[in-house]
Structures are given as C-alpha cells and as structure tokens.
Amino acid sequence: MELFLSQILNGLAIGQVYALIALGFSLVFGVANIINFAQGALFMLGAFIAYSAIAWFGLPLIPAAIVSVVIVAILGLLLERIALRPLMGAPYIAPFLSTLAISTIIDQSAEIIWSPESQPFPASISSTTFFIGNAYITVTDLVIFGFGAAATIALTLFVSYTWTGRALRATAQDPAAAAQLGIRTDVMRQIAFGLAGALGALSGILVALYFQSVFPQMGIPFGLKGFAAALLGGLARIPGAVVGGLLLGIGETLASAYVGDSYRDAIAFSLLLLMLLVRPNGLLGGGKLNALGGSGAAAGAMPTTSLLASASSQLSATRAYYLPAWGFLVVGAAFALVPLLVSSTYVLQALIYGFIFALLAVSVSLVSGAAGILSIGHAAFFGVGAYAVAVLARPYGLSADVTLLAAVVLTALVALIAAIPLLKLSGHTAALGTLAIGQIGFLVFLNWVSVTRGPMGILNIPHPVLEVLGGLRFATTGQKYWLVLGLVVIAVVIAERYVSSPIGRTWRAIREDRLAAQASGLPVRRYILLAFAISGALAGLAGGLFAYVQQVVSPESFTVETSILILTMAVLGGLGNLSGAVLTGFALAILPEFLRGFEEWRMIIYGLLLLVALRVRPQGLLGAR
Amino acid sequence: MTIRRAAAGVALSLGLALTGATAYAADPIKIGFFAPLTGNVANFGERFRESVQLYEDQVNAAGGIDGRKLEVVFEDDRNSPKEAASIAQKFANTPGLVAVIGSFSTTASLAAAPILTEAKIPQISPSSSHPDWPKFSPYTFRQNVRQDQLAPLHAEIVLDKLKGKRIAIPYFQDDWGLVTANTTKAAIEKRGGEVVLVEPIAPNSRDFRPLVSKIKSLNPDVIFLPVHYQEASAFVQQLRQAGVTTPIGAPDPLSNPKFLELAGKDAEGVLLYTMFFADNPKVKSYVDAYKAKYNRLPDQYSALAYDSVAVAVNGVKAMLKSGKPLTGENVRDAIATAPAYEGLTGVTKYDENREVEKKSTFIVIKSGAYVLY
C-alpha cells in the first residue's frame with residue numbers, strides 16, 4: 001500500500017511535467033487548429049538556451065529563464081510567420097508537415113550547436129527531499145507543481161477575461177466571423193504561437209531542472225508524451241491538458257511499477273487507445289473537435305469528418321497529374337533495364353530502398369490519402385511484414401513465396417484488427433489512435449523477445465528463393481533489385497486499380513465528407529476496413545522485401561520517425577494520388593544518399609527542401625485526386 | 001566546432017593544393033568509417049570519429065603508411081540499418097578501400113556485414129557486443145570483449161568486492177544491455193547469489209522514479225547497472241534523491257568522464273572496471289593528443305575506435321611488407337593472423353573466432369574522479 005502511494009506520488013511528479021508540455025499543444029491547437037509538431041523542438045530549445053545563458057554567459061537561473069522564454073517566444077512567432085502563414089488556405093495537412101520539417105531542422109541544428117552529448121544543467125532549485133514513510137517528494141517537484149498551476153491559472157484568466165484572450169477564443173471558434181468583426185486573426189495566430197513558444201521554453205527549463213540535464217534529442221520523446229496528454233485531456237482545453245498530463249503520468253508509473261518498466265509506454269498508449277474508444281473527445285473535451293469534424297464517425301452531426309479533406313476548391317483549382325495503372329508497368333520496365341547499364345551495387349541498393357519506400361508511401365496513401373484517415377503508425381505494419389519474413393525464413397527455412405505471402409496476409413489481418421478501434425474515430429483522434437498503434441507495434445517488437453529476439457534482432461536472413469519460378473535464388477544485389485522491382489510494380493498496379501475503381505471513388509467520398517457518404521447509403525465502416533486491409537497487405541509486402549534486402553531485422557527500423565517519414569511521403573505526393581506517393585516515396589528515400597556530402601548538415605537541408613516543396617506545392621507535388 | 005572543422009577542412013585542402021599532392025609516393029590507402037554521427041546515439045559515434053580522425057592525422061603527419069597517404073572515408077549511419085547497408089554498398093564500390101571501421105551498435109554493424117563480406121572487405125567494430133557478431137563471417141572483427149567472458153568479472157564486483165547477496169539489475173534495453181544482464185544474472189546465481197530484479201530501461205527515458213521506488217521496496221544489497229552513462233546518471237541521481245544508499249557496481253561504459261559530469265556527487269562510490277584508464281602512463285601520449293585536439297578527455301569508446309583503426313592499419317602494413325597485393329581479402333588474413341598488438345585498451349590478438357581477450361582494471365569513483373580500486 002505504501003509502495004502504491006509512493007508510485008502515485010511519482011506519477012503526479014512526472015505527470016505535471018507532461019501537463020506543462022501539453023499546454024503548449026492545446027493553445028496552438030485551440031486557436032490555429034494546427035497540431036504543432038515543432039512544439040517538442042521549441043521545448044528542447046528553451047532548455048538549451050537557458051543552459052547556454054547560465055553556462056556560457058554566467059547569468060543566474062531566473063534571468064536566464066526569462067531570456068530563454070523571450071527568445072523562444074520570438075522563435076514561435078517566426079515559426080508562424082515563415083512556415084505556416086504562407087500555407088494559409090492550403091489543405092490542412094500542409095501546415096502539419098511544415099511543422100514537422102521545422103522540427104527536423106531545429107533538432108539537427110541543436111546537435112550541431114551544442115553537440116549530441118547530454119549536458120548537466122548548471123543550476124538547481126534545491127536538493128531537499130521530504131519523506132513520508134518510503135514515499136518521497138522533492139522541493140523541485142513542488143516548484144514545478146507551483147509553476148504549472150500558476151501557468152494554467154494565468155492562461156485561463158488571460159483567455160477568459162482579457163480582450164486579447166476573447167479575441168483568441170473568437171478566432172478559435174470561427175476565424176471568418178472573427179475577421180468580419182474586426183479581429184485581426186493573423187495577429188491572433190501569431191500571439192498563440194508566441195505564447196506556445198513561451199510555454200514550451202518554460203516547460204523545457206523546468207524539465208531540465210527536474211532531470212538535471214539537457215540533451216538535443218529530448219524534444220521527440222517528451223513532445224510525444226505532451227501531445228498524448230493534450231489529446232487525453234481533450235485538445236484545446238486548458239484544464240484538459242493538466243488532467244491529461246497527470247493521468248498519463250500516473251497511468252504509466254503504475255504500469256511501470258506493477259507490470260515492468262519495458263511495458264510502461266506500451267500500456268500508456270494502450271490506455272490511450274481504450275480512452276479514445278470511450279470518450280473520443282478526451283476526458284474534458286467538449287464540442288470543439290466536433291466543430292472540426294472530430295469524432296462520432298458517420299453518425300455525428302458535422303459537416304466534414306477528416307482533417308485530410310482536400311476541400312473541393314483545392315481540387316478544382318489545381319490539376320492532378322497521375323499515371324494510369326499500365327503506366328506503372330511502363331515505368332517499371334524502364335527501371336528493369338537499370339542493372340544492365342549500371343554496375344554499381346551502391347546505386348542499385350539505393351534504388352531498391354527507393355522502391356520499398358515507394359510501396360510504403362502507396363500503402364499509407366490508400367488509408368490517409370484516399371480514405372482520409374491520417375496514419376502516424378504505419379511503421380508497425382511495415383515491421384509486422386519484416387518480422388513475419390524474418391521468423392519464417394530463418395528458423396523454418398521456408399521459401400520466399402510462402403514467407404512473403406504470409407507477410408502479406410498476416411499484416412493485412414493485423415491492420416484490419418488495428419482499424420477496428422479506429423472506426424469510431426476521425427480527424428485528430430484517429431491520428432492519435434494510429435500513433436498509439438504504431439508505438440504499441442514498436443514496443444511489441446522490442447519486448448516480445450521469445451519471437452522477435454527483442455533488441456538483438458533477427459540476423460542472417462537467407463537469400464530469397466522463389467519456388468514458383470523453379471527454385472530461382474536471388475542472391476546478388478542486382479537479382480534482388482529485379483525481385484523487389486517486380487513485386488513492387490505488381491502491388492502498385494493493383495493498388496492503382498483499386499483507387500481508380502468505384503471503390504476508390506467511395507474512399508474519396510468518405511475522405512471529403514463521411515456524413516454525406518453515410519447518408520448516401522454507403523457502408524462507410526466496411527470501406528474503411530477494406531482500405532486498412534489492402535494498405536496493410538502492401539506494407540507487409542514492403543516489410544518482407546525489406547527483411548530480404550537487409551538480411552537483418554531489428555526494432556530500430558520501425559520507430560515513430562519511420563511512420564512520420566512514410567506519412568510525409570504519402571501526403572507530399574498529393575492526397576490519394578498514388579503516382580505522387582510513388583514519386584515522393586522514391587525520391588525522399590534516396591534523397592539522403594545524395595545529401596551525404598553535407599555531412600551533419602544533411603538533415604537540415606532535407607528539412608529545408610521539404611519546406612520549399614510544401615511552399616511551392618501545398619496541395620502535393622502531383623496534386624490531390 | 002563543426003564550422004571550425006569545415007573551415008579546417010577547406011584550409012587543409014587549400015594547403016594540399018598549394019604544396020601539391022605529390023608528397024605521397026602512390027595512391028592513398030583508403031579505410032571506410034561509419035558510425036552514428038547524428039541522431040539519438042550520435043554522442044558515441046562522435047567519440048569514434050574524433051579518435052579515428054586523430055589517428056589519420058597522426059599517421060599522415062608521420063609520413064603516411066610506407067609513404068602512402070592514409071585516407072579515411074567518414075560516413076554517418078544515424079544508427080539506422082538501412083543507412084548502414086547503403087554505406088556498406090558505397091564502400092564496396094570504392095576502389096582501393098581495404099578495410100572498414102564501424103559501427104557503434106550491432107544492428108547497424110550487421111546490416112553492413114553481408115555486403116562487406118561479399119565484397120571481401122574486413123570490418124572491425126569498436127563496440128558491437130552481440131555474441132553472434134564475430135561469428136557472422138570471417139570478415140567481421142571487434143575490439144571489445146565478449147560479454148559472457150565479462151560476466152564472471154561482474155559477479156566478482158557485486159559478490160566479492162561489494163559483498164552483496166541480493167542483487168538488482170536494471171539494464172539498458174539494447175543488445176548489449178540484454179546480453180550483459182542475462183549473462184551476469186547467470187554468473188551471480190551460479191555462485192550462489194540471488195538476483196531480485198532484472199528490468200530494462202528504455203533508451204532516452206529519464207524518469208526512473210517508479211523503478212527506484214520498486215528497488216527501494218525490494219531493498220537489495222547491491223545494484224548492478226549495465227546502462228549507458230546518459231540514462232545511468234539520471235538513474236543514480238533519482239536513486240540517491242529517494243534516499244537509497246545501496247552500493248552500485250557497473251560495467252565499463254560508465255568509465256566515461258561525461259558520467260562524472262552528469263551525475264555529479266551522486267556518482268560517488270560507484271565501482272566499475274575499464275579497459276582504458278586515462279591516468280595510465282602508457283596511454284599518456286594519446287590522452288594528451290586527444291585533449292589538445294578536442295579539448296576534452298577521451299573515453300573508452302574513443303580508445304576502442306583508435307585501437308580498431310590501428311589494428312586495421314597494422315594489417316595493411318604487414319600486407320605491404322609481405323609484398324602481396326593490397327586487397328581486402330589479404331588485409332583480412334593479415335589482421336586475423338597478426339602478432340599481438342598492444343593498444344590503448346589492452347592487447348589485441350585475434351583467436352580463431354576473431355575474439356579478443358583484454359585485461360580490465362578495477363576503478364572506483366572518489367571525489368569526482370576515477371581512481372584505481
């Protein structure tokens with residue numbers, strides 16, 4: 001019992017950290033309707049700027065914190081101005097990707113400026129600890145709690161009682177109406193981003209004080225938790241962020257205490273998924289998400305249901321370029337000649353990865369582009385396919401026909417089952433659901449040691465042998481090139497046939513207006529399940545091929561970063577445009593190889609190129625279909 | 001720092017252009033290097049890179065290898081198997097490249113291994129600790145010692161030196177941590193000790209209070225900590241903050257000046273061992289050169305990388321002396337059969353399984369510094 005109480009205290013301590021990060025997400029989401037993925041990066045910057053102010057310029061803690069908060073708030077304003085303002089009126093997903101690109105740039109810059117090492121934070125509040133039996137609480141915990149509470153109350157008062165706060169809320173509710181009443185909505189958006197930056201910096205500094213260290217990779221793990229906490233509590237609700245953070249903290253602490261630390265995140269995300277099923281709007285969530293077309297599936301009374309809806313005006317305003325199904329056969333045939341002309345296995349290997357990621361992008365494009373459910377979890381499906389092949393090909397020595405077929409069928413099944421809890425969700429909550437699924441998948445790969453061998457990975461996967469072709473063995477890079485190219489082309493042609501068929505038209509109808517689709521008598525859920533099953537099959541094939549090419553499978557290949565990368569590929573190509581997905585999937589997979597010469601600047605250039613692409617073609621490179 | 005490095009690179013190439021590249025007798029000897037230089041574990045890869053760069057500069061300043069320039073090709077794998085495989089292909093397609101150093105994690109090393117083996121290029125990993133790594137092919141070598149050989153040493157630390165009977169083992173969740181925890185547990189139990197907790201710590205996590213409370217309630221005599229220094233420093237801080245004074249034993253990765261810096265006074269009394277002790281007079285010239293160039297002390301990872309490239313270059317030298325053609329295959333044979341080489345981390349003499357045996361020194365943290373135990 002005493003242990004239980006002390007674990008609850010531990011949960012509250014980490015929970016208030018999550019709550020602070022969640023506040024920044026909620027604020028931006030409430031006003032600008034944008035999930036700001038750069039929030040984690042701003043949080044990290046806040047901690048590092050305070051670190052530099054103390055360690056390099058000798059400032060005391062409080063002035064250093066003020067300097068950091070001011071600088072990051074200005075960066076928040078700049079972020080809005082440079083990366084988001086130009087995308088006003090673009091499809092909803094463009095600003096989302098834009099914040100992702102910014103976060104890549106900031107994270108990598110921090111590694112260059114401050115080196116990839118952890119740094120001890122040069123200031124502390126007090127090392128006093130109060131003991132209550134075996135449970136304990138530190139002065140630092142209390143200070144963070146005080147700051148968190150003060151920030152929440154101040155923010156609530158500001159939003160409720162000041163003119164600027166009211167204008168902010170008005171902008172959040174209906175930007176068009178607010179603008180007509182004379183509110184400068186662009187200024188309001190900037191204020192929201194500035195405030196979010198300030199909050200991010202503040203939480204970064206408090207986290208640095210809490211853990212007594214700062215490291216450039218801290219943005220992603222803490223950002224993810226903050227995002228989850230914000231959604232758990234109900235996005236766009238200030239008290240919701242606090243309640244969500246505390247609950248997440250307690251939940252995962254209890255998981256860690258009674259199940260095991262390795263299951264901590266798996267259980268946290270499973271709880272999140274369950275929560276979404278019961279209360280899709282979050283614990284304190286109101287109608288805010290409904291107004292956005294949030295929850296309630298086709299039964300809800302809302303105009304549109306997907307944040308991926310391309311808005312009909314976009315569709316008519318820009319042309320979509322795409323290949324017919326037979327076009328992929330022609331392109332594939334042309335690529336088949338490459339090994340005859342190029343002998344460098346380096347080039348062939350890069351192209352193989354290009355094909356595999358093109359297939360993955362197509363897989364995501366079916367779910368996210370065509371059917372309109374933002375998927376941040378496809379790396380899990382990719383991984384299921386890879387592990388299926390690895391497990392069957394290595395100990396059981398089965399031929400590639402059997403293993404690849406098994407990978408396709410198994411992954412389709414897994415995707416189908418994973419889609420069931422998502423059926424009731426749409427918009428942001430569906431995106432969070434897929435994020436949870438992706439994280440759970442990764443953690444299963446990492447922890448299910450008896451099957452996946454956990455962090456050891458599965459090694460020495462044999463070369464593929466196709467019994468169908470009379471026991472043909474694909475041993476060299478050139479031979480694998482043809483195998484991968486052949487199967488990818490077949491899979492893409494099948495996918496394209498689906499998208500061009502009446503089924504594809506139905507998917508797009510669901511994407512644009514789920515309610516109208518339902519009202520027209522379409523069995524919406526069945527179509528979404530179908531999209532997931534086909535998408536899973538394609539991802540499974542990609543995973544299986546990846547395992548054969550790589551000859552080693554380990555969890556590192558299937559992280560949330562991979563999921564985000566594939567989603568970026570699918571969306572950047574143009575919603576529901578498989579030709580676009582193939583093009584961007586292929587291009588973004590081989591682009592890092594071209595950028596090798598830039599050394600550690602590589603990912604920064606990559607992020608900048610993404611930003612430029614979004615600026616030039618916010619509707620996707622080849623246009624939405 | 002990076003900008004300075006880039007500037008130095010430009011200055012160097014300008015200098016070369018002015019003095020003319022004719023200073024060297026023949027084509028340069030190329031060695032490939034890959035490690036995570038960006039991303040989550042870039043701090044380790046950066047240590048590797050610094051040492052290998054230092055070695056390259058030293059060799060070339062001393063006139064190169066038999067008058068031929070040593071050229072190391074540096075690549076960044078971000079700890080991603082996919083990137084490692086692409087880099088391996090790039091190396092395999094680089095004419096005249098006869099050996100490869102890399103990578104940090106076993107999974108990245110292993111993604112490159114099939115390709116390098118097929119291209120008949122020997123690969124020395126400074127730190128891959130997977131038990132199956134050297135078994136992969138005749139071309140895979142390493143510089144660190146097999147984990148199951150270290151397990152009796154771990155048992156000695158916790159049972160004999162720290163006099164524990166009930167041991168808790170929180171371990172880092174990668175291939176190294178998992179193998180270390182399991183082999184250590186077996187070694188402790190074989191000698192009659194009791195292991196009360198074996199639990200993984202997720203990479204990049206910083207909140208260990210649930211685990212600390214659990215350990216506190218189990219009340220072990222000794223905690224054994226196979227965890228990398230970033231997570232380990234947060235762990236010991238939270239452990240001491242909770243009022244747990246249990247002594248801590250640890251394997252070699254905590255012999256890192258950064259651990260002292262991050263954990264501060266909470267690192268006091270941690271007992272561990274290392275293959276590389278910076279105060280050892282035998283390694284003084286290396287430590288001084290490293291400090292002069294990078295303005296910080298080297299750690300065991302930098303030393304392992306330095307030994308890796310030294311062993312590879314020794315293989316090349318033996319090859320050139322014997323007069324056989326300089327190919328990856330011949331260099332592999334030379335490395336595998338080379339006489340014992342005394343490096344920074346001990347003696348390298350590969351056995352038939354391409355494993356090394358190295359002696360470790362016990363050290364303890366006292367007044368914020370590592371001292372001999």
Side-chain angles (χ1 to χ4, degrees), chain A residues 2-3 6-7 10-11 13-14 108 111-112 115-120 127 129 131 134-136 138 211-213 215 217-218 221 253-254 256-257 260-262 264-265 344-346 348-350 353 446 449 454-457 459-460 477 549-552 554 556-557 592-593 596 599-600 602-603, chain B residues 1-2 37-43 45-46 74-76 79-83 85-86 89-90 92-93 105-108 110-111 114-115 130 132 136 170 173-175 177-179 199-202 204-211 213-214 216-217 230 233-234 237 241-243 258 261-262 264:
Chain A
E2 194 179 65
L3 180 63
S6 73
Q7 295 293 16
N10 292 340
I14 189 72
Q108 191 56 42
E111 275 189 28
I112 293 176
S115 93
E117 288 280 1
S118 283
Q119 307 293 348
S127 55
T129 307
F131 289 93
N134 259 336
Y136 63 99
T138 66
F211 293 116
Q212 282 296 300
S213 69
F215 55 112
Q217 304 86 12
M218 69 201 274
T253 301
L254 290 181
S256 165
D261 207 53
S262 50
R264 176 182 185 148
D265 285 12
S344 163
T345 47
Y346 172 51
L348 294 183
Q349 180 102 1
Y353 286 132
L446 192 62
V449 177
M456 317 281 291
L459 322 173
N460 294 330
T477 310
V549 171
Q550 196 82 49
Q551 289 183 270
V552 37
S554 64
E556 287 96 273
S557 303
E593 290 301 319
R596 278 207 177 277
E599 298 189 6
E600 56 268 73
R602 180 163 66 128
M603 295 317 283
Chain B
M1 189 170 77
T2 317
L37 301 178
T38 60
N40 280 340
V41 288
N43 50 322
E46 194 59 23
F74 291 94
E75 295 292 352
D76 167 26
N79 200 28
S80 143
K82 166 178 172 271
E83 298 233 355
S86 294
Q89 290 286 13
K90 192 174 178 191
N93 285 278
S105 77
T106 312
T107 36
L110 271 167
I115 296 157
H130 198 294
D132 294 345
F136 180 83
Q173 199 170 22
D174 65 359
D175 55 322
L178 185 64
V179 174
E199 216 162 277
I201 279 176
N204 262 336
S205 60
R206 286 294 183 278
D207 175 41
F208 304 119
R209 280 162 74 156
L211 191 56
S213 286
K214 209 193 285 188
K216 197 174 177 182
S217 71
Q230 295 181 310
S233 56
Q237 281 177 337
Q241 191 181 44
K258 203 75 199 177
E261 200 186 321
L262 287 170

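Proteins get letters first, then strands, A, B, ... in listed order; numbering begins at 1 in each. All values below were derived from every heavy atom in this structure, side-chain atoms included, with hydrogens, water molecules and symmetry-related copies excluded.
- If you tally non-hydrogen atom pairs under 4.5 Å between each of B/Ile115, B/Leu211, B/Leu110, B/Asn40 and chain A, the highest count goes to B/Asn40.
- The parts of B/Lys82 that come within reach of chain A are both its backbone and its side chain, each placing non-hydrogen atoms under 4.5 angstrom from that chain.
- Between B/Glu83 and A/Pro592, the shortest heavy-atom distance links the atoms OE2-CB, 4.2 Å.
- Side-chain N or O atoms of A/Gln550 include none that pairs as donor or acceptor with a backbone N or O of B/Ala111 at under 3.5 Å.
- Considering only heavy-atom pairs separated by less than 4.5 Å from chain A, the leading option among B/Asp174, B/Thr106, B/Asn43, B/Val179 is B/Asn43.
- Considering only heavy atoms from C-beta on, A/Met456 stays 4.5 Å or farther from B/Asp132 through its side chain.
- When each of A/Gly454, A/Ala135, A/Ser554, A/Ala350 is checked for heavy-atom pairs under 4.5 Å with chain B, A/Ser554 comes out on top.
- In terms of non-hydrogen atom pairs under 4.5 Å with chain B, the most contact-rich of A/Gly11, A/Ser344, A/Ala13 is A/Ser344.
- Looking at A/Ser256, the atoms closer than 4.5 Å to chain B (heavy atoms on both sides) sit in the backbone and in the side chain alike.
- With 3.5 Å as the limit, one finds no donor-acceptor pair spanning the side chains of B/Glu46 and A/Ser115.
- Looking at heavy atoms from C-beta onward, A/Thr138 lies in side-chain contact with B/Gln241 at the 4.5 angstrom threshold.
- If you measure heavy-atom distances from B/Phe74 to chain A, you find no contacts under 4.5 Å at all.
- For chain A, the nearby part of B/Ser217 is the side chain; its heavy atoms alone come within less than 4.5 Å.
- Within the 4.5 angstrom heavy-atom criterion, atoms from both the backbone and the side chain of B/Lys214 approach chain A.
- A donor-acceptor contact shorter than 3.5 Å links the side chain of B/Lys258 to the backbone of A/Ser118.
- Looking at B/Ser80, neither its backbone nor its side chain comes within 4.5 Å of chain A, counting heavy atoms on both sides.
- When each of B/Ala85, B/Gly177, B/Ala242 is scored by its heavy-atom pairs under 4.5 Å with chain A, the top score falls to B/Ala242.
- Taking the side chain as every heavy atom from C-beta outward, A/Ser213 and B/Ser233 never approach each other to under 4.5 Å.
- The candidate with the highest count of non-hydrogen atom pairs below 4.5 Å against chain B, out of A/Asn10, A/Thr129, A/Val552, is A/Asn10.
- Proximity of a side-chain donor or acceptor of A/Gln7 to a complementary backbone N or O of B/Pro210 within less than 3.5 Å is detected.
- Proximity of a side-chain donor or acceptor of B/Asp207 to a complementary backbone N or O of A/Ile14 within less than 3.5 Å is not detected.
- No side-chain heavy atom of B/Arg206 sits under 4.5 Å from any side-chain heavy atom of A/Met218.
- Judged by distance alone, with hydrogens and angles left aside, the side-chain atoms of A/Gln212 form no donor-acceptor pair with the main-chain N or O of B/Ala234 at under 3.5 Å.
- Rounded to the nearest 0.5 angstrom, A/Arg602 CZ and B/Asp76 CG are separated by 5.0 Å.
- No side-chain heavy atom of B/Arg209 sits less than 4.5 Å from a side-chain heavy atom of A/Thr253.
- Contact of A/Leu446 with chain B is made through backbone and side chain together, with heavy-atom distances under 4.5 Å.
- Look at B/Glu199 and A/Arg264 and you find no salt bridge, because none of the NZ, NE, NH1 or NH2 atoms lies under 4.0 Å from a carboxylate O.
- Heavy atoms of A/Glu593 lying under 4.5 Å from chain B belong exclusively to its side chain.
- For chain A, the option among B/Pro170, B/Pro114, B/Ala202, B/Gly264 with the highest count of heavy-atom pairs below 4.5 Å is B/Pro114.
- Side-chain contact, B/Gln89 with A/Thr345: a donor N or O sits under 3.5 Å from an acceptor N or O.
- With a 4.5 Å cut-off on side-chain heavy atoms, B/Glu261 and A/Gln119 count as touching.
- For a residue to count as touching a neighbouring chain, one of its non-hydrogen atoms must lie under 4.5 Å from one of that chain's; by this rule B/Leu262 touches chain A with backbone and side chain alike.
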